[in-house]
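Heavy atoms only: backbone and side chains are in, while hydrogens, waters and symmetry mates are out. Below, read A as the first sequence line, B as the second, and so on, with proteins coming before strands; counting in each chain starts at 1. Keep in mind that this is a model prediction, so the values were computed, not measured.
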Amino acid sequence: MKSRIYPFYFVIGTLCLYLLLFVVPSIMGLFYSFTDWSSYSEEINYIGLENFKIIFSPEEHYFSALSNTVWFTVATTILKTGLGIVFALILNEGVLFRNFHRGLIFMPSILSFIIVGLIFKSILNPETGLLNVFLNRIGLSFLAKQWLVDLKYAFNSIIAVDTWKGLGYIMTIIIAGLQSIPPEYYEAADIDGAHYFSKLRYVTLPLLKPAITITIVLNVLYGLKIFDTVYVLTNGGPGYATEVLYTSVFREFGLGRYGVGTAMSTVLFVMMSVIGYFTVKLLDRKEVEF
Amino acid sequence: MSRKYTVSVVIKNIIAWMVSIVMMVPLLLIFINSLKDKAQASSMGMDLPKTLHFENYLIVIERGKLLRSFFNSMFYAGSAILIAILLTSMAAYVLARNKTRLNRFLYFFIIMGLAMPVNYVSLMKVMQLTHLNNTRIGIALLYATIQVPISVFLIYGFIGTIPLELDEAGILDGCSPIRLYFNIVMPLLKPVLVTVAILTFMDAWNQFSFPLYYLNSSTKWPMTLAVYSFFGQFHKEWNLVSADILLTSLPVLIIYLLGQKYIISGMTVGSVKG
């Protein structure tokens with residue numbers, strides 16, 4: 001009876017798109033990662049774990065792309081969540097033009113990564129870039145570095161740019177979390193004579209836990225898939241110093257070495273299946289409480 | 001006590017302004033430089049333009065072929081929105097209303113896509129086999145597909161808040177499933193559909209990877225790819241690059257100013273309860 005009112009053919013269009021352009025390529029990719037598929041030959045042969053050996057061998061540059069991706073994810077997650085909490089606490093009350101500040105801090109997260117990348121290519125330019133010009137003018141020339149060129153700073157510069165872009169989004173989620181805390185808790189704490197920091201420690205942070213969890217999940221899912229920002233800012237350079245997983249895949253794709261490219265995607269696929277499983281569990285728990 | 005309080009308020013306000021300035025300066029920088037001449041823009045500083053060069057915008061539109069890429073972007077975003085609102089909402093509705101074992105599984109299977117990565121290399125194989133590679137339709141379908149998980153998740157959650165009695169009343173009146181959905185249920189989904197449409201628009205407008213992988217011919221490029229290639233050609237003329245950046249971002253900025261409420265609720269939904 002129910003299936004007559006809510007017929008299955010309503011689902012079919014979406015399901016077909018999703019299967020054809022998302023699920024099938026992922027599964028095909030699993031198989032292709034055990035082959036020597038490339039643009040040089042028509043034939044595709046099974047070569048076992050050869051591609052994975054290349055990816056994980058210390059002599060090649062693929063492994064550093066993997067470790068860079070993980071480092072990027074950890075660093076941006078900590079920075080955005082940490083700063084997001086601090087700024088959310090500051091902007092939650094007692095600030096004039098609160099909505100103006102919030103709107104402005106959120107704004108970079110709606111811009112395209114390409115745009116943000118291009119803007120910061122200019123700002124971080126060692127000679128003419130706004131950052132170094134500013135540092136020189138206020139007498140801090142020793143802090144002016146070759147931001148995107150120097151091996152030591154290039155990757156951290158990318159992390160900083162990404163934090164600039166994504167911070168407002170995370171902050172907004174935390175603010176929503178803060179506003180869902182019932183004021184009675186603070187009133188009770190005031191009666192007990194609690195100070196700001198003990199209120200923060202015993203009321204605010206424990207009740208913010210769900211919001212913080214979701215921001216961490218979002219950051220991790222996003223960080224592992226990073227591509228555009230790195231592609232525009234450094235394209236993996238200097239050398240392979242700032243290469244991440246998806247820029248590596250794109251490079252292999254351009255060189256026609258599809259086998260290694262799919263194998264790298266498969267590594268990401270396995271990592272994200274595990275994280276994805278927990279994410280879905282988490283989202284489902286929420287959905288019940290809507 | 002009250003003095004300590006005032007001090008903390010002052011410090012809070014100062015920090016808020018400092019953060020806002022850090023967020024605003026890069027955007028302001030682009031705006032200011034888009035109005036300079038080539039020589040003055042080459043240093044990309046915050047100094048104001050000596051004379052205003054509004055013609056930069058016209059030059060960029062012509063040389064960067066921005067009208068063409070604007071309409072491409074509009075086509076991709078528009079089709080993705082249409083598919084999201086029609087197909088995806090129908091799917092989410094049935095999955096939410098008829099919770100059979102299969103449908104429960106499909107719902108999880110679809111929202112797993114929120115986490116999963118795209119395998120661009122093997123997707124190219126599928127694009128070639130289906131003759132979608134290097135076609136406008138292919139890109140539009142990809143943009144729509146990538147939005148399926150988040151749209152299903154948002155609409156599914158919202159349908160739970162619509163009383164079942166409405167469906168029952170419709171059935172008693174003898175509505176067919178199609179009429180029941182389009183005449184009775186869908187109009188009530190308006191808030192969530194607006195959110196989904198806006199999020200789809202922003203994502204589609206900012207998409208870069210799909211066209212980079214699957215569009216060879218520049219006539220089909222969206223604005224993101226066009227601005228990137230324009231930068232490659234004119235990287236010495238930052239006044240023009242700035243104007244291009246501004247024009248490319250304008251649509252999302254306008255949507256953001258108009259639909260801020262929907263964007264923030266859509267991007268943060270379900271993230272705080274639990």
Side-chain angles (χ1 to χ4, degrees), chain A residues 2-3 5-7 10-11 13-14 17-18 21-22 24-26 28-29 32 87 90-91 94-96 101 104-105 108 110-112 114-115 118-119 122-123 128 130 133 172-173 176-177 180 210-211 214 221 225 227-228 253 258 261-262 265 268-269 272 275-276 279-280 285-287 289-290, chain B residues 9 12-13 15-16 19-20 23-24 26 29-30 43-45 87-88 90-91 94-95 97-98 108 110-113 115-117 119-123 125-126 141-142 144-145 148 157 160 171 177 202 206 208-209 224 227-228 231 238 245 248-249 252 256 260 264 267-268 270-274:
Chain A
K2 261 197 146 179
S3 298
I5 311 165
Y6 307 113
F10 271 40
V11 185
T14 302
L17 268 185
Y18 184 68
L21 295 177
F22 197 80
V24 168
S26 297
M28 274 167 66
Y32 278 125
F87 295 149
I90 290 173
L91 285 181
V95 167
L96 296 169
H101 288 301
L104 209 58
I105 297 173
I110 59 151
L111 293 176
S112 138
I114 293 308
I115 296 297
L118 289 176
I119 296 176
S122 153
I123 292 179
T128 60
L130 191 65
V133 169
T172 306
I173 295 179
S180 72
I214 201 83
L221 293 178
K225 294 183 202 167
F227 171 70
D228 311 25
F253 180 81
Y258 302 139
T262 41
S265 300
L268 187 64
F269 182 86
M272 302 202 80
I275 304 167
T279 310
V280 168
R285 190 163 54 81
K286 299 203 185 317
E287 181 260 315
E289 293 174 30
F290 247 102
Chain B
V9 166
K12 270 184 171 182
N13 277 287
I15 297 177
V19 178
S20 288
M23 294 294 164
M24 195 162 50
L29 180 75
I30 292 302
S43 63
M44 266 313 257
L87 287 185
T88 314
M90 283 165 79
V94 165
L95 294 180
R97 281 294 200 233
N98 186 16
F108 282 120
I110 289 174
I111 65 167
M112 248 323 246
M116 299 316 287
N119 191 327
Y120 292 97
V121 186
S122 45
L123 179 55
K125 193 85 177 171
V126 175
L141 289 178
L142 281 177
T145 308
V148 162
I171 297 155
M202 312 260 277
N206 292 340
F208 182 69
S209 304
T224 44
V227 71
Y228 185 67
F231 170 75
W238 265 101
I245 286 176
T248 304
S249 316
V252 283
Y256 174 60
Q260 196 176 5
I264 291 182
M267 284 171 86
T268 57
S271 56
V272 286
K273 299 179 175 179

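If you measure heavy-atom distances from A:F253 to chain B, the contacts under 4.5 Å come from the side chain alone. For A:I114, the part lying near chain B is the side chain, with the backbone staying farther off; criterion is any non-hydrogen pair under 4.5 Å. Only the side chain of A:P108 comes within less than 4.5 Å of a heavy atom of chain B; its backbone N, CA, C and O stay farther away. The contact between B:V252 and chain A is made by backbone and side chain atoms together, counting heavy-atom distances below 4.5 Å. Of the two parts of B:L123, the backbone and the side chain both hold a non-hydrogen atom closer than 4.5 Å to a non-hydrogen atom of chain A. Only the side chain of A:F227 has a heavy atom closer than 4.5 Å to any heavy atom of chain B.
Contact count against chain B (heavy-atom pairs under 4.5 Å) is highest for A:L118 among A:L118, A:V133, A:L91. Ranked by heavy-atom pairs under 4.5 Å with chain B, the first of A:M28, A:M272, A:H101 is A:H101. With chain B as partner, the option from A:I105, A:L221, A:I275, A:V24 having the largest number of non-hydrogen pairs under 4.5 angstrom is A:I105. When B:V94, B:T224, B:I30, B:L29 are compared by the number of non-hydrogen pairs under 4.5 Å with chain A, B:V94 comes out ahead. Ranked by heavy-atom pairs shorter than 4.5 Å toward chain A, the options B:M44, B:Q260, B:M112, B:M202 are led by B:M112.
A:S122 has its side chain out of reach of A:L130: every pair of non-hydrogen atoms, C-beta onward, lies at least 4.5 Å apart. B:T248 is not listed as a side-chain neighbour of A:S112, based on a closest heavy-atom distance of 4.5 Å or more. Side-chain atoms of B:V148 and A:F22, non-hydrogen and from C-beta on, never get closer than 4.5 Å to each other.
In this structure A:T262 satisfies the side-chain contact (heavy atoms from CB on, under 4.5 Å) test together with A:Y32, A:S33, A:W37, B:N119, B:V121, B:S122, sequence neighbours excluded. Residues passing the ring pair (Phe, Tyr, Trp, His ring centres under 6.0 Å) test with B:F208 are A:Y231, B:Y228, sequence neighbours excluded.
Once rounded to the nearest 0.5 Å, the distance linking OG of B:S249 with OH of B:Y256 reads 14.0 Å.
The closest donor-acceptor contact from the side chain of A:K225 to the backbone of B:A115 lies under 3.5 Å. The main-chain N or O of A:I110 is found under 3.5 Å from a side-chain atom of B:N206 such that the two form a donor-acceptor pair.
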